[in-house]
**Student:** 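Before I ask anything, let me first share the structure, which is written out below as C-alpha coordinates.
Whatever order the structure lists them in is the order used to number ligands and atoms, beginning at 1. Counting begins at 1 with the first residue of the sequence. Everything quoted here is computed from the prediction, not taken from an experiment.
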Amino acid sequence: MKISNAHLRSFRNHNETAFEFASQINVLLGENGQGKTNALEALSFLCLTKSFYASTDATVMQQQKKFFEIKSTLESDEGKNFQVRITYDDVKKEKKFTINGADVEKFSTVIGMFPVVILSPENNSITFGSPADRRKFINLVISQSSKSYVEDSIEYRRIVRQRNTILSMAKGKDCSNEISPWNEMLVRYGARIIYKRNQFLTEFEPYIAQTYLDIVAERETPKIEYLPSVFIRQDSTIEEVATAIETKLAKKKNDELRFQTTLVGPHRDEIIFSLNGLSLKQFASQGQHKTFLIALKVAEFFFLKERCNETPIFLLDDVFSELDENRSRKILSLVQSLGQIFITTTSEKIFDGTDWNGKQRRKFFIKNGETVNELLAA
Ligand SMILES: Nc1ncnc2c1ncn2[C@@H]1O[C@H](COP(=O)(O)OP(=O)(O)O)[C@@H](O)[C@H]1O
Ligand SMILES: [Mg+2]
(Lines give C-alpha, C1' and ligand atoms only; values in the text may rest on other atoms or scores of the structure.)
(Ligands and ions follow the chains in the order given, each with its own letter.)
Protein backbone atom coordinates (compact mmCIF):
# COMPACT_ATOMS: atom_id res chain seq x y z
CA MET A 1 0.00 0.00 0.00
CA LYS A 2 1.05 3.55 -0.63
CA ILE A 3 -0.26 6.97 0.23
CA SER A 4 -0.03 9.03 -2.94
CA ASN A 5 -1.19 12.30 -1.47
CA ALA A 6 -2.90 13.81 1.53
CA HIS A 7 -4.75 17.05 2.10
CA LEU A 8 -5.22 18.18 5.68
CA ARG A 9 -7.66 20.87 6.71
CA SER A 10 -7.94 22.21 10.26
CA PHE A 11 -6.09 19.18 11.58
CA ARG A 12 -4.00 20.11 14.67
CA ASN A 13 -1.76 23.01 13.64
CA HIS A 14 -2.24 22.29 9.93
CA ASN A 15 -4.65 24.85 8.64
CA GLU A 16 -4.43 23.65 5.07
CA THR A 17 -1.54 21.42 4.05
CA ALA A 18 -1.20 19.35 0.91
CA PHE A 19 1.34 16.58 0.40
CA GLU A 20 2.30 14.74 -2.78
CA PHE A 21 4.23 11.81 -1.42
CA ALA A 22 7.06 9.83 -2.93
CA SER A 23 6.25 6.17 -3.41
CA GLN A 24 9.19 5.10 -1.28
CA ILE A 25 10.87 7.50 1.11
CA ASN A 26 9.31 10.59 2.61
CA VAL A 27 11.21 12.78 5.02
CA LEU A 28 9.40 15.40 7.08
CA LEU A 29 11.95 17.87 8.28
CA GLY A 30 11.55 20.76 10.68
CA GLU A 31 12.21 22.23 14.09
CA ASN A 32 10.39 21.05 17.16
CA GLY A 33 6.73 21.92 17.49
CA GLN A 34 6.18 22.70 13.80
CA GLY A 35 3.66 19.96 12.93
CA LYS A 36 5.68 16.93 11.79
CA THR A 37 4.15 14.47 14.24
CA ASN A 38 0.75 16.00 13.54
CA ALA A 39 1.16 15.15 9.86
CA LEU A 40 1.98 11.52 10.67
CA GLU A 41 -0.97 11.44 13.02
CA ALA A 42 -3.20 12.49 10.13
CA LEU A 43 -1.83 9.65 7.99
CA SER A 44 -2.45 7.12 10.74
CA PHE A 45 -5.94 8.55 11.10
CA LEU A 46 -6.64 7.53 7.51
CA CYS A 47 -5.64 3.96 8.26
CA LEU A 48 -7.09 3.52 11.74
CA THR A 49 -10.05 5.94 11.61
CA LYS A 50 -8.68 7.55 14.76
CA SER A 51 -5.52 8.95 16.26
CA PHE A 52 -2.69 6.68 17.35
CA TYR A 53 -2.53 8.80 20.47
CA ALA A 54 -5.33 8.34 22.94
CA SER A 55 -6.83 11.61 21.71
CA THR A 56 -10.45 12.24 20.90
CA ASP A 57 -11.57 13.55 17.53
CA ALA A 58 -12.15 16.98 19.02
CA THR A 59 -8.54 17.27 20.26
CA VAL A 60 -7.05 16.76 16.81
CA MET A 61 -9.31 19.43 15.37
CA GLN A 62 -7.55 22.76 15.03
CA GLN A 63 -8.27 25.06 17.93
CA GLN A 64 -11.01 27.61 17.25
CA LYS A 65 -12.33 25.45 14.40
CA LYS A 66 -15.51 23.45 14.21
CA PHE A 67 -14.44 20.74 11.82
CA PHE A 68 -11.49 18.97 10.33
CA GLU A 69 -10.93 17.06 7.13
CA ILE A 70 -8.32 14.66 5.78
CA LYS A 71 -8.47 13.68 2.12
CA SER A 72 -6.13 11.24 0.53
CA THR A 73 -5.47 8.91 -2.35
CA LEU A 74 -4.17 5.52 -1.34
CA GLU A 75 -2.95 2.87 -3.70
CA SER A 76 -3.01 -0.83 -2.95
CA ASP A 77 -0.18 -3.20 -3.87
CA GLU A 78 -2.29 -4.32 -6.81
CA GLY A 79 -2.54 -0.75 -8.06
CA LYS A 80 -6.13 -0.08 -7.04
CA ASN A 81 -6.83 3.52 -6.00
CA PHE A 82 -8.88 4.51 -2.99
CA GLN A 83 -10.09 8.05 -2.43
CA VAL A 84 -10.43 8.30 1.30
CA ARG A 85 -12.01 11.22 3.09
CA ILE A 86 -12.54 11.76 6.79
CA THR A 87 -14.50 14.67 8.13
CA TYR A 88 -15.38 15.57 11.65
CA ASP A 89 -18.09 18.05 12.49
CA ASP A 90 -17.80 19.26 16.06
CA VAL A 91 -21.23 20.89 16.11
CA LYS A 92 -23.02 17.66 15.21
CA LYS A 93 -20.26 15.58 16.89
CA GLU A 94 -20.24 13.58 13.71
CA LYS A 95 -17.35 11.78 12.07
CA LYS A 96 -17.68 10.59 8.49
CA PHE A 97 -15.46 8.22 6.61
CA THR A 98 -15.91 7.74 2.90
CA ILE A 99 -14.06 5.50 0.49
CA ASN A 100 -14.47 6.34 -3.18
CA GLY A 101 -17.43 8.50 -2.24
CA ALA A 102 -19.32 5.77 -0.38
CA ASP A 103 -20.02 6.19 3.33
CA VAL A 104 -18.39 3.61 5.57
CA GLU A 105 -21.06 2.54 8.06
CA LYS A 106 -18.89 0.63 10.46
CA PHE A 107 -15.43 2.11 11.03
CA SER A 108 -14.14 -1.21 12.30
CA THR A 109 -14.34 -2.55 8.74
CA VAL A 110 -11.62 -0.09 7.67
CA ILE A 111 -9.06 -1.32 10.23
CA GLY A 112 -6.61 -3.56 8.38
CA MET A 113 -7.65 -2.37 4.94
CA PHE A 114 -4.78 0.12 4.90
CA PRO A 115 -2.29 -1.47 7.27
CA VAL A 116 0.08 0.85 9.11
CA VAL A 117 2.99 0.44 11.48
CA ILE A 118 3.86 3.36 13.72
CA LEU A 119 7.09 3.79 15.62
CA SER A 120 7.05 6.88 17.80
CA PRO A 121 8.63 7.99 21.09
CA GLU A 122 5.33 7.16 22.79
CA ASN A 123 5.96 3.52 21.96
CA ASN A 124 8.78 3.37 24.48
CA SER A 125 6.12 2.44 26.97
CA ILE A 126 5.63 -0.88 25.16
CA THR A 127 8.80 -2.25 26.70
CA PHE A 128 9.17 0.14 29.68
CA GLY A 129 5.57 0.61 30.69
CA SER A 130 2.66 -1.23 32.24
CA PRO A 131 0.84 -4.36 31.03
CA ALA A 132 -1.80 -2.04 29.55
CA ASP A 133 0.82 -0.59 27.19
CA ARG A 134 1.75 -4.06 25.94
CA ARG A 135 -1.89 -5.06 25.55
CA LYS A 136 -2.45 -1.91 23.51
CA PHE A 137 0.43 -2.89 21.24
CA ILE A 138 -0.79 -6.42 20.56
CA ASN A 139 -4.38 -5.19 20.24
CA LEU A 140 -3.40 -2.89 17.41
CA VAL A 141 -1.52 -5.61 15.57
CA ILE A 142 -4.25 -8.22 15.98
CA SER A 143 -6.96 -5.71 15.16
CA GLN A 144 -5.36 -4.88 11.83
CA SER A 145 -5.17 -8.54 10.95
CA SER A 146 -8.56 -9.70 12.26
CA LYS A 147 -11.94 -7.98 11.87
CA SER A 148 -13.64 -10.18 14.44
CA TYR A 149 -11.03 -9.19 17.04
CA VAL A 150 -11.86 -5.50 16.59
CA GLU A 151 -15.54 -6.19 17.10
CA ASP A 152 -15.00 -8.56 20.02
CA SER A 153 -12.79 -5.96 21.71
CA ILE A 154 -15.40 -3.21 21.35
CA GLU A 155 -18.05 -5.53 22.78
CA TYR A 156 -15.76 -6.71 25.56
CA ARG A 157 -15.03 -3.15 26.70
CA ARG A 158 -18.77 -2.51 26.90
CA ILE A 159 -19.27 -5.66 28.97
CA VAL A 160 -16.55 -4.72 31.47
CA ARG A 161 -18.00 -1.21 31.78
CA GLN A 162 -21.45 -2.64 32.49
CA ARG A 163 -20.15 -5.12 35.03
CA ASN A 164 -18.12 -2.41 36.77
CA THR A 165 -21.19 -0.20 37.01
CA ILE A 166 -23.21 -3.03 38.55
CA LEU A 167 -20.41 -3.88 40.99
CA SER A 168 -19.96 -0.29 42.05
CA MET A 169 -23.70 0.27 42.51
CA ALA A 170 -23.92 -2.90 44.63
CA LYS A 171 -21.53 -1.30 47.15
CA GLY A 172 -20.30 -4.71 48.30
CA LYS A 173 -23.72 -6.39 48.54
CA ASP A 174 -24.69 -9.46 46.54
CA CYS A 175 -25.76 -8.61 42.98
CA SER A 176 -25.85 -12.09 41.43
CA ASN A 177 -29.11 -11.51 39.56
CA GLU A 178 -28.06 -8.34 37.83
CA ILE A 179 -24.56 -9.49 37.04
CA SER A 180 -25.26 -13.03 35.89
CA PRO A 181 -26.05 -12.23 32.21
CA TRP A 182 -22.92 -10.06 32.10
CA ASN A 183 -20.85 -12.93 33.49
CA GLU A 184 -21.94 -15.06 30.56
CA MET A 185 -21.00 -12.31 28.13
CA LEU A 186 -17.66 -11.77 29.83
CA VAL A 187 -16.88 -15.47 29.53
CA ARG A 188 -17.89 -15.63 25.87
CA TYR A 189 -16.10 -12.51 24.64
CA GLY A 190 -13.20 -12.79 27.08
CA ALA A 191 -12.51 -16.30 25.81
CA ARG A 192 -12.46 -15.15 22.20
CA ILE A 193 -9.95 -12.43 22.97
CA ILE A 194 -7.64 -14.55 25.12
CA TYR A 195 -7.78 -17.39 22.59
CA LYS A 196 -6.89 -15.01 19.78
CA ARG A 197 -4.05 -13.37 21.73
CA ASN A 198 -2.65 -16.77 22.58
CA GLN A 199 -2.75 -17.80 18.93
CA PHE A 200 -1.28 -14.47 17.81
CA LEU A 201 1.67 -14.57 20.20
CA THR A 202 2.54 -18.09 19.09
CA GLU A 203 2.44 -17.02 15.44
CA PHE A 204 4.31 -13.78 16.09
CA GLU A 205 7.25 -15.47 17.81
CA PRO A 206 9.19 -16.43 14.65
CA TYR A 207 8.73 -12.92 13.24
CA ILE A 208 10.34 -11.28 16.23
CA ALA A 209 13.11 -13.89 16.32
CA GLN A 210 13.94 -13.18 12.67
CA THR A 211 13.88 -9.38 12.85
CA TYR A 212 15.95 -9.45 16.01
CA LEU A 213 18.54 -11.49 14.22
CA ASP A 214 18.50 -8.99 11.34
CA ILE A 215 19.07 -6.01 13.60
CA VAL A 216 21.43 -7.41 16.20
CA ALA A 217 24.58 -9.11 15.04
CA GLU A 218 25.29 -11.02 18.23
CA ARG A 219 23.04 -13.80 19.32
CA GLU A 220 20.40 -12.62 21.73
CA THR A 221 17.22 -14.59 21.82
CA PRO A 222 14.06 -12.55 22.25
CA LYS A 223 10.96 -14.15 23.72
CA ILE A 224 7.41 -13.06 24.22
CA GLU A 225 5.49 -14.80 26.93
CA TYR A 226 1.77 -14.54 27.37
CA LEU A 227 0.46 -14.47 30.94
CA PRO A 228 -3.30 -14.25 30.64
CA SER A 229 -5.39 -13.56 33.70
CA VAL A 230 -6.56 -17.20 33.69
CA PHE A 231 -4.52 -20.34 33.37
CA ILE A 232 -4.38 -21.72 29.81
CA ARG A 233 -1.99 -23.82 27.77
CA GLN A 234 -0.50 -22.85 24.45
CA ASP A 235 -2.89 -25.30 22.76
CA SER A 236 -6.03 -24.61 24.81
CA THR A 237 -9.26 -24.61 22.86
CA ILE A 238 -11.62 -21.66 23.05
CA GLU A 239 -14.00 -23.77 25.18
CA GLU A 240 -11.20 -24.49 27.64
CA VAL A 241 -10.39 -20.79 27.87
CA ALA A 242 -14.08 -20.07 28.54
CA THR A 243 -14.16 -22.67 31.32
CA ALA A 244 -11.02 -21.19 32.86
CA ILE A 245 -12.58 -17.72 32.93
CA GLU A 246 -15.83 -19.06 34.35
CA THR A 247 -14.04 -20.91 37.14
CA LYS A 248 -11.89 -17.97 38.10
CA LEU A 249 -14.84 -15.60 37.98
CA ALA A 250 -16.69 -17.77 40.50
CA LYS A 251 -13.60 -17.84 42.71
CA LYS A 252 -13.18 -14.08 42.58
CA LYS A 253 -16.82 -13.26 43.23
CA ASN A 254 -16.28 -11.89 46.73
CA ASP A 255 -13.17 -9.98 45.77
CA GLU A 256 -15.05 -8.35 42.92
CA LEU A 257 -17.79 -7.24 45.30
CA ARG A 258 -15.21 -5.89 47.70
CA PHE A 259 -13.13 -4.03 45.10
CA GLN A 260 -16.22 -3.14 43.02
CA THR A 261 -14.51 -3.91 39.76
CA THR A 262 -14.02 -6.71 37.22
CA LEU A 263 -10.95 -8.72 38.22
CA VAL A 264 -10.98 -11.52 35.65
CA GLY A 265 -10.59 -11.33 31.88
CA PRO A 266 -8.26 -10.20 29.10
CA HIS A 267 -8.17 -6.61 30.42
CA ARG A 268 -5.91 -8.06 33.13
CA ASP A 269 -3.54 -9.94 30.82
CA GLU A 270 0.22 -9.46 30.98
CA ILE A 271 2.77 -9.95 28.23
CA ILE A 272 6.42 -10.45 29.22
CA PHE A 273 9.33 -9.67 26.92
CA SER A 274 12.67 -11.27 27.60
CA LEU A 275 16.17 -11.52 26.14
CA ASN A 276 18.14 -14.70 26.70
CA GLY A 277 15.67 -15.65 29.40
CA LEU A 278 16.01 -12.38 31.32
CA SER A 279 13.03 -10.09 31.68
CA LEU A 280 13.51 -7.03 29.49
CA LYS A 281 11.76 -4.76 31.92
CA GLN A 282 13.95 -5.76 34.83
CA PHE A 283 17.33 -6.35 33.27
CA ALA A 284 17.73 -4.76 29.86
CA SER A 285 19.83 -1.72 29.04
CA GLN A 286 18.35 1.32 27.30
CA GLY A 287 19.88 0.18 24.04
CA GLN A 288 18.38 -3.29 24.37
CA HIS A 289 14.96 -1.77 25.05
CA LYS A 290 15.21 0.36 21.94
CA THR A 291 16.40 -2.51 19.79
CA PHE A 292 13.66 -4.76 21.09
CA LEU A 293 11.04 -2.14 20.30
CA ILE A 294 12.31 -1.62 16.77
CA ALA A 295 12.41 -5.37 16.26
CA LEU A 296 8.81 -5.62 17.48
CA LYS A 297 7.74 -2.98 14.99
CA VAL A 298 9.59 -4.48 12.05
CA ALA A 299 8.14 -7.86 13.02
CA GLU A 300 4.72 -6.22 13.09
CA PHE A 301 5.38 -4.95 9.57
CA PHE A 302 6.14 -8.40 8.18
CA PHE A 303 3.32 -10.03 10.13
CA LEU A 304 0.75 -7.53 8.81
CA LYS A 305 2.13 -7.68 5.31
CA GLU A 306 1.45 -11.38 5.25
CA ARG A 307 -1.87 -11.40 7.11
CA CYS A 308 -3.41 -8.39 5.38
CA ASN A 309 -2.00 -9.34 1.99
CA GLU A 310 -0.94 -5.75 1.69
CA THR A 311 2.32 -3.92 2.41
CA PRO A 312 1.87 -1.65 5.43
CA ILE A 313 3.06 1.93 5.41
CA PHE A 314 5.68 2.61 8.05
CA LEU A 315 5.63 5.82 10.08
CA LEU A 316 8.84 6.62 11.97
CA ASP A 317 8.40 9.56 14.28
CA ASP A 318 11.62 11.02 15.65
CA VAL A 319 13.15 7.57 15.87
CA PHE A 320 16.73 8.30 14.93
CA SER A 321 17.44 11.21 17.25
CA GLU A 322 17.92 8.85 20.18
CA LEU A 323 20.07 6.30 18.40
CA ASP A 324 23.81 6.29 17.94
CA GLU A 325 25.10 6.67 14.39
CA ASN A 326 25.94 3.05 13.88
CA ARG A 327 22.58 1.76 14.94
CA SER A 328 20.77 4.51 13.06
CA ARG A 329 22.47 3.52 9.84
CA LYS A 330 21.59 -0.13 10.34
CA ILE A 331 17.95 0.59 11.11
CA LEU A 332 17.69 3.05 8.22
CA SER A 333 19.04 0.55 5.76
CA LEU A 334 16.58 -2.03 7.08
CA VAL A 335 13.45 0.15 7.01
CA GLN A 336 14.13 1.75 3.64
CA SER A 337 13.79 -1.66 2.04
CA LEU A 338 10.36 -2.33 3.53
CA GLY A 339 7.88 -0.27 1.55
CA GLN A 340 6.67 3.31 1.67
CA ILE A 341 8.09 5.01 4.74
CA PHE A 342 7.62 8.37 6.42
CA ILE A 343 10.38 9.71 8.64
CA THR A 344 10.21 12.82 10.78
CA THR A 345 13.40 14.44 11.99
CA THR A 346 14.78 17.76 13.15
CA SER A 347 18.10 17.15 11.47
CA GLU A 348 19.16 15.61 8.19
CA LYS A 349 22.45 14.67 9.78
CA ILE A 350 20.96 11.27 10.59
CA PHE A 351 21.02 10.48 6.88
CA ASP A 352 24.73 11.20 6.44
CA GLY A 353 26.31 8.27 4.70
CA THR A 354 22.95 6.60 3.95
CA ASP A 355 22.84 4.75 0.67
CA TRP A 356 19.30 5.16 -0.64
CA ASN A 357 19.80 2.59 -3.37
CA GLY A 358 18.10 4.77 -5.94
CA LYS A 359 14.82 4.89 -4.04
CA GLN A 360 12.31 7.59 -4.89
CA ARG A 361 12.48 10.23 -2.18
CA ARG A 362 10.77 13.43 -1.23
CA LYS A 363 11.55 15.89 1.48
CA PHE A 364 9.06 18.19 3.15
CA PHE A 365 10.05 21.18 5.23
CA ILE A 366 7.42 21.67 7.87
CA LYS A 367 7.16 25.06 9.45
CA ASN A 368 4.33 26.29 11.60
CA GLY A 369 1.84 23.85 10.13
CA GLU A 370 2.81 24.52 6.53
CA THR A 371 4.97 22.64 4.10
CA VAL A 372 7.29 23.25 1.20
CA ASN A 373 8.15 20.11 -0.69
CA GLU A 374 10.93 19.21 -2.95
CA LEU A 375 11.73 16.25 -5.14
CA LEU A 376 15.12 14.79 -4.46
CA ALA A 377 17.43 13.08 -6.84
CA ALA A 378 17.51 9.37 -6.21
N1 LIG B 1 -5.70 20.89 18.09
C2 LIG B 1 -4.68 21.70 17.80
N3 LIG B 1 -4.90 22.89 17.20
C4 LIG B 1 -3.88 23.72 16.90
N5 LIG B 1 -2.59 23.46 17.16
C6 LIG B 1 -2.31 22.29 17.78
C7 LIG B 1 -3.33 21.36 18.11
N8 LIG B 1 -2.74 20.29 18.71
C9 LIG B 1 -1.43 20.56 18.72
N10 LIG B 1 -1.15 21.75 18.17
C11 LIG B 1 0.16 22.39 17.99
O12 LIG B 1 1.00 21.57 17.19
C13 LIG B 1 2.34 21.81 17.54
C14 LIG B 1 3.08 20.51 17.75
O15 LIG B 1 3.14 19.83 16.55
P16 LIG B 1 3.94 18.47 16.41
O17 LIG B 1 3.48 17.85 15.16
O18 LIG B 1 3.83 17.66 17.64
O19 LIG B 1 5.41 19.05 16.29
P20 LIG B 1 6.72 18.33 15.79
O21 LIG B 1 7.07 19.01 14.49
O22 LIG B 1 7.72 18.63 16.85
O23 LIG B 1 6.45 16.89 15.64
C24 LIG B 1 2.35 22.61 18.82
O25 LIG B 1 2.71 23.91 18.50
C26 LIG B 1 0.92 22.53 19.29
O27 LIG B 1 0.54 23.68 19.97
MG1 LIG C 1 7.15 15.38 16.90
Side-chain angles (χ1 to χ4, degrees), residues 3 5-22 25-72 85-96 116-126 128-129 133 136 140 290 293-294 297 313-323 328 331-332 335 340-351 361-374:
I3 303 184
N5 57 52
H7 193 141
L8 283 46
R9 280 176 70 207
S10 308
F11 188 91
R12 297 275 195 190
N13 70 336
H14 291 274
N15 186 36
E16 177 129 29
T17 308
F19 295 96
E20 287 293 329
F21 291 118
I25 292 150
N26 295 280
V27 174
L28 281 68
L29 186 70
E31 314 257 288
N32 281 318
Q34 300 304 312
K36 304 184 298 294
T37 300
N38 295 345
L40 293 196
E41 188 183 25
L43 301 184
S44 72
F45 217 104
L46 288 166
C47 304
L48 302 172
T49 72
K50 58 179 189 199
S51 166
F52 64 82
Y53 295 120
S55 341
T56 61
D57 298 326
T59 25
V60 303
M61 181 175 64
Q62 195 168 44
Q63 272 159 28
Q64 325 295 341
K65 295 284 173 64
K66 290 281 167 229
F67 79 102
F68 72 76
E69 178 183 36
I70 310 167
K71 273 193 304 194
S72 172
R85 179 167 178 255
I86 305 169
T87 52
Y88 175 73
D89 179 329
D90 197 48
V91 179
K92 296 191 207 151
K93 304 281 177 225
E94 186 181 62
K95 181 157 67 173
K96 277 198 168 173
V116 60
V117 177
I118 304 150
L119 182 52
S120 82
E122 292 233 310
N123 289 144
N124 290 341
S125 61
I126 295 174
F128 280 108
D133 295 304
K136 197 171 150 200
L140 190 54
K290 192 88 213 176
L293 178 65
I294 293 169
K297 289 292 173 175
I313 59 160
F314 209 133
L315 310 180
L316 299 122
D317 191 16
D318 246 337
V319 171
F320 300 97
S321 54
E322 300 166 36
L323 294 173
S328 275
I331 310 280
L332 258 173
V335 295
Q340 191 187 29
I341 62 172
F342 299 82
I343 303 175
T344 71
T345 181
T346 51
S347 160
E348 286 184 283
K349 246 186 130 63
I350 59 163
F351 303 124
R361 284 185 295 147
R362 232 167 232 231
K363 184 162 74 178
F364 303 85
F365 294 98
I366 314 271
K367 194 162 183 211
N368 204 6
E370 288 180 16
T371 183
V372 187
N373 71 68
E374 171 185 310

**Student:** Do K290 and I294 come close enough that some side-chain heavy atom pair is under 4.5 Å?
**Tutor:**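 The answer is yes, as the side chains (C-beta and beyond) meet within the 4.5 Å cut-off.
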**Student:** Check each heavy atom of E31 against ligand 1 and say whether those closer than 4.0 Å belong to the side chain, the backbone, both or neither.
**Tutor:** backbone
**Student:** Can you tell me if I366 has a non-hydrogen atom under 4.0 Å from ligand 1?
**Tutor:**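 No.
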**Student:** Testing the basics here: between F314 and L119, what is the closest heavy-atom pair and its distance to 0.1 Å?
**Tutor:** CE2-CB, 4.1 Å
**Student:** Going by heavy atoms in the side chains, are I118 and L48 under 4.5 Å from each other?
**Tutor:**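 In contact.
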**Student:** What residue and atom, counting heavy atoms only, is the protein's closest point to atom 3 (N) of ligand 1, and at what distance?
**Tutor:**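 Ranked first by proximity to atom 3 (N) of ligand 1 is Q63 N, 3.0 Å.
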**Student:** In terms of heavy-atom contacts, does CD of E31 have more than 12 from other residues, nucleotides or ligands at under 6.0 Å?
**Tutor:** no
**Student:** Of the choices D318, N38, D317, which has the non-hydrogen atom that lies closest to atom 15 (O) of ligand 1?
**Tutor:**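 Checking each option, the heavy atom nearest atom 15 (O) of ligand 1 is found in N38.
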**Student:** When you measure from atom 11 (C) of ligand 1 to every protein heavy atom, which one gives the shortest distance, and what is it?
**Tutor:**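 Protein heavy atom with the smallest distance to atom 11 (C) of ligand 1: N13 CB, 3.9 Å.
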**Student:** Kindly determine whether F45 and F68 satisfy ring-ring contact (aromatic ring centres under 6.0 Å, His included), including the steps that lead there.
**Tutor:** CA-CA 12 Å; F45 217 104; F68 72 76; 5.5 Å; yes
**Student:** Distance under 4.0 Å to a non-hydrogen atom of N32: what atoms of ligand 1 satisfy this?
**Tutor:** 22 (O)
**Student:** Counting from 1, what ligand 1 atoms have a heavy atom of T37 closer than 4.0 Å?
**Tutor:** 17 (O), 18 (O), 20 (P), 23 (O)
**Student:** Side-chain contact test, heavy atoms from C-beta onward, threshold under 4.5 Å: evaluate it for T87 versus F67 and give yes or no.
**Tutor:** no
**Student:** Would you say T344 has an N, O or S atom lying under 2.8 Å from the Mg ion (ligand 2)?
**Tutor:**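 No, outside the cut-off.
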**Student:** Is at least one protein non-hydrogen atom found at under 4.0 angstrom from atom 8 (N) of ligand 1?
**Tutor:** yes
**Student:** Quick one: look up the protein heavy atom nearest atom 4 (C) of ligand 1 and list residue, atom name and how far away it is.
**Tutor:**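 Closest protein heavy atom to atom 4 (C) of ligand 1: R12 O, 3.3 Å.
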**Student:** For V91 and D89, work out which heavy atoms get closest and say how close.
**Tutor:** N-OD1, 2.8 Å
**Student:** Counting non-hydrogen protein atoms only, what is the nearest one to atom 24 (C) of ligand 1? Give residue, atom name and distance.
**Tutor:**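 Here the closest protein heavy atom is G33 O, 4.0 Å.
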**Student:** If you compare all heavy atoms of V60 against all heavy atoms of S51, which two are closest, and at what distance to 0.1 Å?
**Tutor:** CG1-CB, 4.3 Å
**Student:** Is any side-chain heavy atom of I86 closer than 4.5 Å to a side-chain heavy atom of T49?
**Tutor:**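 When only atoms from C-beta onward are counted, T49 and I86 do not touch, as no gap falls below 4.5 Å.
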**Student:** When you measure from atom 1 (N) of ligand 1 to each heavy atom in Q62, M61, K65, which option holds the nearest one?
**Tutor:**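 Among Q62, M61, K65, the closest heavy atom to atom 1 (N) of ligand 1 comes from M61.
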**Student:** Does G35 come within less than 4.0 Å of ligand 1, judged by its heavy atoms?
**Tutor:**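 Per 4.0 Å heavy-atom rule, G35 contacts ligand 1.
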**Student:** How does T59 reach ligand 1, if at all, at less than 4.0 Å between non-hydrogen atoms: by side chain, backbone, both, or neither?
**Tutor:**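 It is the backbone that touches ligand 1; the side chain stays farther off.
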